[in-house]
Structure formats: structure tokens, C-alpha cells
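Let me begin by presenting the structure, written as C-alpha cells, before commenting on it.
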Amino acid sequence: MSLILPLCAFLCGLLIAQIMDLATITLKKVLSSVLAKFFIPVVIVYNLVFYQAGSLSLIIFSFFVSIILFYLYKLLTQKPLEALCFSYVNMAWLGFPFAIALFGPSVSAPIVAIYIGGSIFGNIWAVTALSSEQESIWKLLNKVLKSPPIIAIIIALSCRMIGLQNYPNHVWIDLLYSCAKVGMSFSGMCILGIWLRRTKVYLDDFINSLYMAIYKIGCGIVICTLTYFWLPIPNIEHYIGVMFLLFCLPPAANIVALETYYHGTGDSAKMIASGTIVSCVIVLLYGVILHLF
């Protein structure tokens, strides 16, 4: 079921772009704005307020690993958008079902923690990576501080300080969170479908995605090995497989929505499409290796 909604949203975007070409310009702007300003902040606030004990270390791990990956790739290519696609991965609608399929329902808590760290990174770094013009460090810092993810973090910390996490009855909050997750998945994949209707993916795109995936897996082997032996993360022996999955996933579908919101373009659509296909093969091989050993 977790794959049906994104697939329907993606097909919906393709269909809308086919039959209502002019209307898609407004639709892309509306969906990307709602995604960036409401759906993603709600998900961040909820997970930071109600996170499980021991998850903080995984949130920090995911956040700083994403930063490392971003600057490693940017150092090689000098292309901020490609670096964002390399470091901000699709944990929302691919990571969750893949992780549960490979490791079982017990990994839900660590997957949520890893998702939070990556989501905070992706939405903050998108402000600078997708900026349409060169700006001073102070202007960029001011823009980051006013970005929806940072505001969401401030709200979450305030909620924890007043003890909202201990409130016994928060059914309406759970409902809002569930709606935000659905909205985030639908809007991100719908925008991706709209862009891909007018985007051609070539063999070179798949080759580039394959090279990107191989480089990321190499980084994952090194980082996860060092983390396992040197960082005091609770229950890391149970989580290391899930942590490595982070390096097998494709670019987040939300990147094209954020690119639309901040930059007005959709160049990342073909990288997301080709990267998703390559990643599905890699995750399949990863699953085979896990079950063999």
C-alpha cells in the first residue's frame, strides 16, 4: 500500500501534464509551495516531538552523513543540484517499504529517525543549493533561518519544552500527521510526474546515475564501518544494516518540488527518474546479499 499512493500520484501528474499543459504551471507552483511550507514542516515537527528514546543519535548520524555526501560530491563536480541529488535520498516512499521488506516492521523507529535527519538536511540545504543567484553568507544564513524546516525545528523544540509529547490524547495531532504524510508523498510524486512528462531520460542519464550510486555505496561502506566501530550509537548492531540502506536509495522525489519552489526549474527530474531505477536494482541485490549471509 505504501507504494500505491506515490505511483498513483506520479501517474496523476503525467496525466494532468498531458491533458492540461498550461494549468500545470500553476499546479506545480501551488503543490511545491504547500509541500515546502506545510506538509514537510508538519512531518518534521511531529517526529521531533514524539521521537523514541535512542533515535536522536540516528537523526544526527543521518543529518551529518548527508552533509558529508553533499560536499564530497560538490567538491568533485561543482554542481550543487547534482550534489543535492547525491546526498538527499528518497527515504519517504522508497526507504520505508524497502527497509520493512528487508528487515521487518521492527525497524520502523530507526527508519523514522534516519528520515528526520535526512529530511531536515535536504530542506535546509535546498535553500542554498537551489538559490538562483550568488548571495553573501549572511543573506544565505538569514534565508536558511527563515526556511520552513528551521521554523519547524523551533516549533518542535517549543512543543517538547511544554511537554506536548506527554499529552495522553493527541488523536487530532496523529490525524494531521497522517494527512501531512499522504500530502507530502502525493504532491512530491505528482510534481515529479508533471516534470517527467516533458523530460527525456537518455542512456547517459542512467550511466551517470550508476556512477553516482557506486560512488555513494563506496562512501557508505567507509562511513558505516567507521560508525560501527567508533561511534557510541545504541543498538548499532541491530541498526547498521538499515543505516547502510541510506546509501542505496535514489534522490528524493521532493527535490524536484523544492527546485520548482526555489528555482522555478525541474532539471532534477531526469536524475530522480534514472536514479530510482538504478537504486531499485541495487536494493534488490542488497536484499539478496542480506539473505545469503
Can you check side-chain contact (heavy atoms from CB on, under 4.5 Å) on Leu176 and Tyr46, steps first, answer last?
CA-CA 9 Å; Leu176 178 62; Tyr46 183 91; over 6 Å; no
With side chains defined as the heavy atoms from C-beta onward, is the minimum distance between Val182 and Ser178 less than 4.5 Å?
no
Which is it for Asn208 and Met212 under the side-chain contact (heavy atoms from CB on, under 4.5 Å) test, yes or no, and what are the steps along the way?
CA-CA 6 Å; Asn208 184 55; Met212 188 181 292; 4.2 Å; yes
Can Ser32 and Thr260 be counted as having a side-chain donor-acceptor contact under 3.5 angstrom?
no
Going from CG on Asn90 to OH on Tyr115, what distance comes out if it is rounded to the nearest 0.5 angstrom?
9.5 Å
Answer with yes or no whether the hydrophobic clustering places Phe50 together with Leu175; edges join I, L, V, M, F, W, Y residues whose side-chain heavy atoms lie under 4.5 Å apart.
no
Transitive ILVMFWY side-chain link Leu285 to Phe103, under 4.5 Å:
no
Can Ile240 and Cys224 be said to form a side-chain contact (heavy atoms from CB on, under 4.5 Å), step by step?
CA-CA 7 Å; Ile240 192 65; Cys224 285; 3.9 Å; yes
Could you tell me which non-hydrogen atom of Gly193 sits nearest to which non-hydrogen atom of Leu14, and how far apart they are?
O-CD2, 3.1 Å
Between Leu69 and Phe247, is any pair of side-chain heavy atoms under 4.5 Å apart?
yes
Any side-chain heavy-atom pair from Cys219 and Leu72 closer than 4.5 angstrom?
yes
Grab the two heavy atoms, one from Tyr88 and one from Ser119, that are nearest each other, plus how far apart they are.
CE1-CA, 4.1 Å
Arg160 vs Leu48, test: side-chain contact (heavy atoms from CB on, under 4.5 Å). Steps then yes/no.
CA-CA 8 Å; Arg160 287 195 65 87; Leu48 285 178; 5.7 Å; no
Under 6.0 Å between the ring centres of Tyr286 and Phe244?
yes
Shortest non-hydrogen contact between Leu258 and Ala36, atoms and distance:
CD2-CB, 4.1 Å
Nearest atoms (heavy-atom pairs only) where Pro234 meets Ser57:
CD-OG, 3.6 Å
For Cys248, which of Val281, Leu102, Ile282, Val278 qualifies under side-chain contact (heavy atoms from CB on, under 4.5 Å)?
Ile282
Student check: side-chain heavy atoms of Leu31 and Cys190 closer than 4.5 Å:
yes
Rounded to the nearest 0.5 angstrom, the CD1-CD1 distance for Ile44 and Ile116 is 8.5 Å
Nearest 0.5 Å please: distance from the OH atom of Tyr167 over to the CG atom of Asn169.
5.5 Å
Which side-chain hydrogen bond (donor to acceptor under 3.5 Å, both in side chains) pairs, counting each pair once, include a residue from residues 71-85, with sequence neighbours left out?
Tyr71-Trp125
Does one hydrophobic cluster hold both Tyr211 and Leu81, with members joined at side-chain heavy-atom distances below 4.5 Å?
no
Under 6.0 Å from the ring centre and within 45 degrees of the ring axis: does the NZ or CZ of Lys216 meet both conditions for the six-membered ring of Phe86?
yes
Ile60 side, atom CD1; Leu231 side, atom CG - distance, nearest 0.5 Å
10.5 Å
Hey, could you give me the OG1/CE distance between Thr227 and Met243, rounded to the nearest 0.5 Å?
5.0 Å
Atom pair CE/CG of Met271 and Asp205 - distance to nearest 0.5 Å
8.5 Å
Do Phe229 and Leu246 share a hydrophobic cluster (ILVMFWY, side-chain heavy atoms under 4.5 Å, transitive)?
yes
